[in-house]
Amino acid sequence: MGTVDAAPRGRRADGARDGGDPGIQRQRGRQAGTPRATSRSGQSGQSGRSGRRRPVESAGQCHGHGHEGGGLEGASARRVRVLLAALLVPCALAVLVGLVTLAPSPGEYAAVAQRAASGQGAPGLGSQTPVDGEVLRASGESDCTDPNLPSPAPGEGCVAVTVRLADGPAPGTTILTLVPATPGSPRFAVGDPVVLGWAGGDPTDPLTYTIVDFQRGSPLLVLGAAFALAVLLLGRWQGLAALVALGVTLGVIGLFVLPALATGSSPVPVALTASGLIVGVVLPLTHGVSARTATAALGTLASLGLIGVLAVLFAALSRLTGLGEEASELAGVLGPGLDLRGLLLAGVIIGALGVLDDVTVTQTSAVWELHRADPAARLNDLYGSAMRVGRDHVASAVNTLVLAYAGAALPLLLLFALAGRGPGDLLTAEDVAQEVVRTLVGSIGLVASVPVTTVLAAVVVRAVSSGTSAGTSPRSEPA
């Protein structure tokens, strides 16, 4: 035995070939075959009465089954990917058609912007030139006709504010302007950066200037930098992709949505086109190009379609007009052709998209991770487990929607409450009813997105991951 182990393979100790000696070959077969079998199955490699294993035949059987299963499952994965593409490509074509037909030419938008800037329509929208300044002094309350006279009563006078102009037609000039001292008016202190509106005329005449706002650029830049840093620290490269995607979203709104609405395009198609463009660009940019991203996109688009239908239906049934303070001012600038109800519906669709993509992406990721944890889980089990996650998410998201809209309309709600109007009057008033329709329609779409996205994700992940089941771990499947 020791001589055989020490001899080179295929030779006896004396240097001659062993030829077909069956004893030595059986011994070598046991020595070479047993470790191979142990490394694959963890067993001793003995089988049957002869104590020998047939490694060549077993390996051939395993290879044959793996090749056959991989081919069938790979074909199934390809069919699912083709089906996803067949569903998404028409959506992409519809977005392209919407961009071509709804986006205004630069000349059209420039004409509308020029008309608004000239002050036509609502007074004060574009008739004043913004000028930055700094408060040098803010006196006590005085008479609004003469800052040297006392105020007739507290809260009925004006505050004389001395401002040094930083830019505009007369930079460096110091002016004195009067600001009402009513309870809702802002209070000014030395050093406050402010924005004034210059109505034209003599740039040194204080009567041509009015303080309209504070300068907020610096604190907002600091806050934005802190937000970007927090996203980068947590998300790293994916956080950077999310920031780029945020820039894309703002670009779609600023370069397509606002010009299209300003030039009279139908608001609902504009909102749906913009939402489809955001979904088609932002989701792959943030989460990569994969079957998981395509599934989340399909769930988002399907839910957006439902939200659009419900918004149009219940806005008509509720006889919402879309009129409000800002909408009325906008109608005065753009003319009577502006579809205020459509503008309201466009806001519902775009606002719901911000919550929908969160729910659909999270739900799809939950299905993928559940499948990775248990690749053998049945479709029903996978769907049931993911739906339990989705129910918790929807319960909190619906509450988030209600709180977000209630917070935005809090001054209006307080005003109605102080007026002594009952809950029925409060909820059916135009301004509040708009928020009610917005909240409930968005919530219905949010609820519908969970089962739709979950069943899509469960079917897709099983089909796509099955193609890697033969010889590849499911954890290597791209997310």
Side-chain angles (χ1 to χ4, degrees), residues 106 109-151 154-230 243 246-247 250-251 253-255 258-259 262 325-326 329-330 332-334 411:
Y109 183 55
V112 173
Q114 179 63 31
R115 185 170 67 250
S118 65
Q120 299 176 10
L125 181 65
S127 58
Q128 292 186 332
T129 302
V131 177
D132 291 341
E134 181 183 356
V135 175
L136 300 180
R137 183 174 178 271
S139 65
E141 189 175 349
S142 61
D143 187 85
C144 291
T145 59
D146 188 348
N148 298 318
L149 298 177
S151 172
E156 296 180 0
C158 291
V159 175
V161 181
T162 304
V163 181
R164 182 173 58 234
L165 305 181
D167 55 16
T173 303
T174 299
I175 65 168
L176 178 66
T177 183
L178 297 176
V179 179
T182 57
S185 299
R187 298 293 182 261
F188 298 96
V190 176
D192 284 347
V194 294
V195 179
L196 300 96
W198 178 55
D202 184 3
T204 61
D205 184 3
L207 297 179
T208 61
Y209 294 91
T210 304
I211 297 179
V212 295
D213 207 348
F214 288 99
Q215 297 181 42
R216 301 182 178 91
S218 297
L220 291 182
L221 284 176
V222 172
L223 180 60
F227 164 73
L229 181 61
L243 292 177
L246 176 60
L250 296 177
I253 294 175
L255 299 177
L258 298 183
E325 182 179 353
E326 296 85 0
E329 186 176 4
L330 185 60
V333 174
L334 298 179

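Side chains included, hydrogens not; waters and symmetry mates left out as well; all remaining heavy atoms used.
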Checklist line | With sequence neighbours excluded, residues passing side chain to side chain donor-acceptor pair (under 3.5 Å) with D213 | finding: R216
Item checked: Qualifying residues under side chain to side chain donor-acceptor pair (under 3.5 Å), relative to T204, sequence neighbours excluded -> D202
Heavy-atom donor-acceptor pair, [X] side chain to [Y] backbone, under 3.5 Å:
X: Q215; Y: V194; result: yes
X: T162; Y: L136; result: no
X: Y209; Y: L176; result: no

Item checked: Nearest atoms (heavy-atom pairs only) where C158 meets P180 -> SG-CA, 4.0 Å
Check: What's the shortest heavy-atom distance between V131 and P169, and which atoms?
Finding: CG2-CD, 4.2 Å
Next item on the list: Name all pairs fulfilling the salt bridge (charged side-chain N to carboxylate O under 4.0 Å, His left out) condition that reach into residues 182-195, sequence neighbours left out, sorted by first residue then second.
Entry: none
Margin query: Listing request: all salt bridge (charged side-chain N to carboxylate O under 4.0 Å, His left out) pairs with a residue in residues 161-181, at least two apart in sequence or in separate chains.
Written below: E134-R164
Pairwise side-chain contact, [X] with [Y], heavy-atom cut-off 4.5 Å (strictly under):
X: T177; Y: T210; result: no
X: I175; Y: L196; result: yes
X: V163; Y: P206; result: no
X: V159; Y: F188; result: no

Check: What's the spacing between L165 CG and W198 CH2 if we round to 0.5 Å?
Finding: 11.0 Å
Notebook entry, point to check: ring-ring contact (aromatic ring centres under 6.0 Å, His included) with Y109: which residues, sequence neighbours excluded?
Noted result: none
Next item on the list: Apply ring-ring contact (aromatic ring centres under 6.0 Å, His included) to F227 and list each qualifying residue two or more places apart in sequence or on a separate chain.
Entry: none
Check: What do the steps show when you test L178 against V161 for side-chain contact (heavy atoms from CB on, under 4.5 Å), and what is the final call?
Finding: CA-CA 6 Å; L178 297 176; V161 181; over 6 Å; no
